[in-house]
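On a predicted model such as this, the values are computed, not experimentally measured, just so you know. Counting starts at 1 for both ligands and their atoms, in listed order.
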Amino acid sequence: MSARIIDGKAFAASLRTRVGRFAADFAAAAGRPAGLAVVLVGEDPASSVYVRSKERASVQANIAGSVHRLPATTTQDELLALVARLNADSGVDGILVQLPLPPQINTQAIIAAIDPNKDVDGFHPVNAGRLASGLHGFVPCTPLGCLMLLKDQLGSLSGLEAVVVGRSNIVGKPMAQLLLAESCTVTIAHSRTRDLPATVRRADIVVAAVGVPELIRGDWIRPGAIVIDVGINRIDLPDGGTKLVGDVAFDEAVEIAGAITPVPGGVGPMTIAVLLRNTIVAAHRNAGVALEKGAL
Ligand code: NDP
């Protein structure tokens, strides 16, 4: 049996188109475009690529994107001062500080300084608390993207066994909260989990967010399970080239699973699409413009 391949690229493209339409309507209603401010400190190559993609995607979705590029020597106080200016700027609906930050800056202090109503990354403790309490708030983009793909595949998730491998604040923990809110029975596995293969074998839904190339093997997957692979790992090939792989051994898992996200082209494209979606939701809330419930 060969699993359905979940086309995150196509899903993300359709979400971005919808966001673009809502952004155009918002600009007409509010008399200004929705604004997303992205802050990049230093010149980490991967971060620079992500920031350029976010900039391009904002423009395509009718969102006014501004990028604030600061030198790697920026102090915490300088970054806090920029965040304070962006918090006070009524043309900015969403603020994203690209991580990781240089070592002289306390990441948690910066996240906590962002206005929770502009925290489109959903990392602020207030938004983490809202998610845990079942209240409206911003949900981190990658896990929300995974949930959208799961609901598209399955409709209701109620009663299903979900195993999330990884417990980071960015992916694993919010993913588990989202699945719990959908009435899944949720297990969070991590590096101290005693028998990871047996834990994963229980799952109707597996979300892998580990950062270890192809850790999860095909024979760990329950036949017919839905596998969402968040991992993005670049590995060296014998011919001297490199290749992107996920946290799941795709070639093995595709023979057993019911559906699976590929890497690349699965979860990856969803992250930016959901960032744009969160920005439009923020713009409507900040400007007091109504957004049809469940529209995005
Ligand atoms: P972190 O490094 O913050 O967390 C990794 C988690 O995996 C930890 O909870 C860790 O456990 C657990 N883990 C590590 N090794 C093992 C193991 N051998 N067995 C079981 N659990 C293990 O990573 P992130 O959550 O930030 O990212 C995870 C992956 O997702 C990465 O590949 C990253 O590149 C990718 N990613 C992709 C995104 C996208 O847009 N598609 C966005 C964000 C991340 P412990 O807590 O015990 O240390």
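For Arg167, a nitrogen or oxygen atom sits less than 3.5 Å from a nitrogen or oxygen atom of ligand 1, counting backbone and side chain alike. Polar contact with ligand 1: absent for Gly166 (N/O pair, distance under 3.5 Å).
At a 4.0 Å heavy-atom cut-off, ligand 1 touches Val210 through backbone and side chain alike. Residue contacts with ligand 1, taken as heavy atom pairs separated by less than 4.0 Å, involve Ile232 via backbone and side-chain atoms alike. With a heavy-atom cut-off of 4.0 Å, Thr193 does not touch ligand 1 at all.
When each atom of ligand 1 is checked for a heavy atom of Val267 under 4.0 Å away, the hits are 41 (N). Using a 4.0 Å cut-off to heavy atoms of Gly268, the atoms of ligand 1 that qualify are 41 (N). Listed by number with element, the atoms of ligand 1 under 4.0 angstrom from any heavy atom of Leu196 are 19 (N), 20 (C). Proximity to Val212 (heavy-atom distance under 4.0 Å) selects the following atoms of ligand 1: 15 (N). With ligand atoms numbered from 1 in the order given, ligand 1 contributes 32 (O) to contacts under 4.0 Å with heavy atoms of Asn233.
In terms of protein heavy-atom proximity, atom 31 (C) of ligand 1 is closest to Gly211 CA, 3.6 Å. Summary of contacts: the protein heavy atom closest to atom 10 (C) of ligand 1 is Ser191 N, 4.3 Å. Here the protein heavy atom with the shortest distance to atom 37 (C) of ligand 1 is Val230 O, 3.2 Å.
Side-chain N/O atoms of Thr193 and Thr199 include no donor and acceptor closer than 3.5 Å. Between the side chains of Asn286 and Asn117, no donor-acceptor pair of N or O atoms lies under 3.5 Å.
When each of Ile6, Asp229, Ile228 is checked for a side-chain contact (heavy atoms from CB on, under 4.5 Å) with Cys146, only Ile228 meets the rule. When Thr279, Asp119, Asp121, Leu86 are each tested for a side-chain contact (heavy atoms from CB on, under 4.5 Å) with Leu96, only one passes: Asp121.
Crowding of Arg192 atom CZ: a count of heavy atoms from other residues, nucleotides or ligands under 6.0 Å not exceeding 12.
For the pair Arg130 and Phe138, the NZ or CZ position fails the cation-pi test of under 6.0 Å to the six-membered ring centre and within 45 degrees of the ring normal.
Classification of the His284-Phe22 ring pair by plane angle, with boundaries at 30° and 60°, yields perpendicular.
A salt bridge between Arg32 and Asp93 is present, with a side-chain N of the basic residue lying under 4.0 Å from a carboxylate O of the acidic one. Using a cut-off of 4.0 Å between Lys/Arg side-chain N and Asp/Glu carboxylate O, Glu182 and Lys151 are scored as salt-bridged. A salt bridge is defined here as a Lys NZ or Arg NE, NH1 or NH2 lying under 4.0 Å from an Asp or Glu carboxylate O, and Glu292 with Arg21 fails to meet this definition.
Comparing heavy-atom distances from atom 1 (P) of ligand 1 across Pro269, Ser168, Cys141 singles out Ser168 as nearest. Checking Val171, Val245, Leu215, Leu275 against atom 44 (C) of ligand 1, the nearest heavy atom belongs to Val171. Nearest-residue assignment for atom 21 (N) of ligand 1 (options His190, Met175, Arg234; heavy-atom criterion): His190.
Look at Ala209 and you'll find a heavy atom under 4.0 Å from some atom of ligand 1.
Separation of atoms CD (Glu161) and CZ (Arg201) is listed at 15.0 Å; rounding is to 0.5 Å.
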